[in-house]
Amino acid sequence: MLLNDLTWDSGEACWVLPLRVRAETQGSAIPEWTDWYVLIDSNYPLGRIDVHPAKGGGIEDTYPHQKLNSAGPVNRHWRDGRLCLQTGRASLGFRVRDEEARDAAGRLAWYVEGLREWLETGARGQLLAPGHAFELPELPLRERMRVVFSEGSETFTRWNALPQSRGWAELVPLRGNPRVLAVRAFYSFEGRWLFSPEWGDLLSNVPRKRRIRIPWMRCAGLPILPPHAAPTTWPELERVANALQWNLRGDLLAFASQLRDGARHLCLMGFPLPERVGAPNVRMHWWAARLPVFSHGDVAMRGYARTTRNREMHDLLSLFARPLPVDWLQTDDWTPAELRSRGALPAELQRSWVLLLGAGSLGSAVAELLVRGGVTRMVIVDPDVVEAGNLVRHTLNLTDVGAPKAQALAERLRSISPDVQVHALHQSLELPPAQSHWLVSRCDMVIDCTASNEVIESLGQMTWDGPRFFFSASFGVGARRLLCFSATGTSFPATDFWEQSAPWRQQDYEELLRTELPREGIGCWHPVFPARADDVMLAAAITVKTLARSVSLRPVTRLDTYSCDGVDGDFQGVTHVFGTDAHAGP
């Protein structure tokens with residue numbers, strides 16, 4: 001039922017349509033008739049459509065699949081509790097006719113029908129039915145700072161074995177991004193170390209003066225106000241805590257004695273979560289909030305002596321005698337499974353210790369793709385330094401000019417993933433009889449991106465103490481051809497490499513003779529290898545895809561050759577022109 005005509009709201013920059021909707025909600029807290037406001041994009045039928053409860057005649061509680069349903073600005077007729085009515089596929093931008101109509105009349109009708117279905121499902125208590133993906137309620141965030149942690153099945157097992165329900169956590173700012181604080185360690189209330197989540201180089205060797213100690217508390221379940229709202233005030237939080245048999249007051253007073261310095265400290269509140277509704281809990285989750293200022297110095301109840309008891313009374317009154325808002329901060333779980341849920345390389349590749357030979361244009365791009373795909377242990381070997389000309393097709397930038405390539409690339413990779421460990425060796429590959437660096441010896445996968453004949457010969461002279469997986473990638477002039485050679489054994493089969501790649505290397509050489517090479521610098525003519533950044537990135541992507549396939553096949557030797565189709569810059573695709581698998585391993 002329409003309550004009024006469609007009107008333009010200049011403040012929200014959208015059309016507003018008030019509705020009254022009837023739904024079969026008998027026997028529930030949701031009325032049969034409810035009022036709503038539909039906010040419609042100016043580009044309708046394109047653009048967004050948001051559905052909000054009305055302040056008068058609308059629902060006031062917060063339900064699953066709904067933003068926190070607070071009242072919002074006083075001059076607005078609708079509440080903040082926007083509903084989530086789209087399917088998962090539609091929210092990604094993929095729509096089919098049966099999911100969401102695209103014509104003007106049909107799309108609005110689709111949302112109204114979705115609203116009715118949402119109300120009836122909520123009345124039955126099935127918005128989060130058993131088997132559905134578990135959904136956390138929205139927190140009202142008041143600042144840009146965020147706290148990240150790493151909690152998975154392994155740490156959940158540790159938490160289940162610990163009797164402590166409160167203690168201290170050590171936070172450190174993320175290098176290069178002080179707006180992000182990472183939980184680096186947990187301690188008991190008495191200060192005994194409990195455990196540290198596994199992080200990589202980015203959070204190691206943090207100076208003591210940059211470490212922040214804050215309280216942590218944990219409870220038995222998700223602290224929410226039914227149906228599905230996060231507490232917004234300290235009295236609400238205490239009410240939720242009491243329902244979970246969590247002594248919130250006792251915990252806060254215990255910490256207050258060590259936090260009376262006039263500062264507003266952060267705290268963590270933890271609880272277990274399942275992956276799906278009705279399933280067993282599988283991990284810990286943390287919410288972060290900023291505590292009020294506890295009584296300190298001359299700050300206490302007026303007219304009362306500065307005793308411990310009076311300070312506690314002052315703190316309790318400040319927290320719970322009035323609706324003091326909880327200043328929540330955003331928290332994120334940065335466990336590897338969460339960070340890589342959008343896409344990851346095969347598990348076998350992720351688990352490998354990778355030795356990367358060559359931190360040039362191809363090597364740097366391959367390294368970045370590997371780290372973004374989940375590889376967390378890498379050793380980079382390269383004797384060169386970064387030059388400004390490298391940056392045309394390199395992943396580094398001007399701040400790295402003059403730095404060793406291996407070290408600069410390692411630092412960039414550390415900034416991509418919080419659990420990566422990268423070691424940089426500013427040197428050439430050591431030849432026998434010299435003793436290999438211990439980091440080189442421990443790697444179980446060797447990736448050569450140098451396009452150097454000397455490196456291939458050096459690899460052929462080295463013998464590892466057990467089987468290794470070898471992979472060599474190089475491209476031809478303009479990166480129009482890519483060679484990927486893979487092998488398994490205790491040494492690199494250089495002879496096989498030369499024999500299998502000979503026809504393609506000859507083609508590259510003949511093409512190189514016909515190519516007018518660009519020069520770099522002034523003075524003695526110094527040719528450089530021509531290849532654009534987009535060609536290098538394409539070659540790197542193909543390299544990683546071929547690497548992922550070869551890791552699963554584990555051939556004794558295999559050569560894959562790819563060629564770009566088209567002439568005179570008319571790119572038409574890439575063809576796998578040759579692939580040979582010689583004596584495939586088990």
I'd like to know if the side chain of [X] reaches the main chain of [Y], judged simply by a donor and an acceptor atom lying under 3.5 Å from each other, with no hydrogens or angles considered.
X      : Y      : answer
Asp419 : Pro336 : no
Arg146 : Asp332 : no
Arg158 : Leu194 : no
Thr157 : Ser153 : yes
Thr331 : Ala288 : no
Arg79  : Pro53  : no
Arg184 : Val172 : no
Arg166 : Met217 : no
His228 : Glu135 : yes
Asn43  : Leu46  : no

For [X], I'd like to know if atom [atom1] has over 12 heavy atoms of other residues, nucleotides or ligands within 6.0 Å.
X      : atom1 : result
His285 : NE2   : yes
Gln26  : CD    : yes
Gln350 : CD    : yes
Lys545 : NZ    : no
Arg48  : CZ    : yes
Arg20  : CZ    : no
Arg211 : CZ    : yes

Between [X] and [Y] (salt bridge meaning N to carboxylate O under 4.0 Å), is one present in this structure?
X      : Y      : result
Arg260 : Asp315 : yes
Arg554 : Glu348 : yes
Glu338 : Arg340 : no
Arg283 : Glu151 : no

For Arg290 and Arg142, what are the C-alpha separation, side-chain angles and deciding distance, and is it a side-chain contact (heavy atoms from CB on, under 4.5 Å)? CA-CA 10 Å; Arg290 198 172 290 281; Arg142 296 178 177 272; over 6 Å; no

Tightest non-hydrogen contact, residues Asn281 and Phe156, listed as O-CE2, 3.3 Å

Determine the minimum heavy-atom distance between Leu329 and Asp327, stating which atoms define it. CD1-O, 3.5 Å

Is there a side-chain contact (heavy atoms from CB on, under 4.5 Å) between Thr155 and Met284? Walk through the geometry before answering. CA-CA 8 Å; Thr155 58; Met284 283 287 290; 5.8 Å; no

Taking the side chain as every heavy atom from C-beta outward, state whether [X] and [Y] have any atom pair closer than 4.5 Å.
X      : Y      : result
Phe255 : Leu291 : no
Ser550 : Phe469 : yes
Leu115 : Val38  : no
Ser42  : Trp8   : yes
Glu198 : Glu154 : yes
Ile30  : Tyr63  : yes
Val180 : Trp334 : yes

Could you please spell out the steps behind the side-chain contact (heavy atoms from CB on, under 4.5 Å) verdict for Leu181 and Leu266? CA-CA 11 Å; Leu181 299 174; Leu266 297 178; 3.7 Å; yes

Can you classify the ring geometry of His77 versus Tyr37 as parallel (below 30°), tilted (30 to 60°) or perpendicular (above 60°)? parallel

Between Thr121 and Glu117, do the side chains contain an N or O donor and an N or O acceptor separated by less than 3.5 Å? no

Residues Tyr111, Trp36; criterion ring-ring contact (aromatic ring centres under 6.0 Å, His included); working and verdict: CA-CA 12 Å; Tyr111 271 83; Trp36 299 84; over 10 Å; no

For Glu238 and Asn242, what are the C-alpha separation, side-chain angles and deciding distance, and is it a side-chain contact (heavy atoms from CB on, under 4.5 Å)? CA-CA 6 Å; Glu238 183 181 35; Asn242 291 338; 3.9 Å; yes

Would you sort out whether Trp286 and Phe186 count as a ring-ring contact (aromatic ring centres under 6.0 Å, His included), showing the intermediate values? CA-CA 13 Å; Trp286 296 94; Phe186 289 96; 5.3 Å; yes

Measuring centre to centre across the rings, with the benzene-like ring taken for any Trp, is Phe149 within less than 6.0 Å of Trp216? no

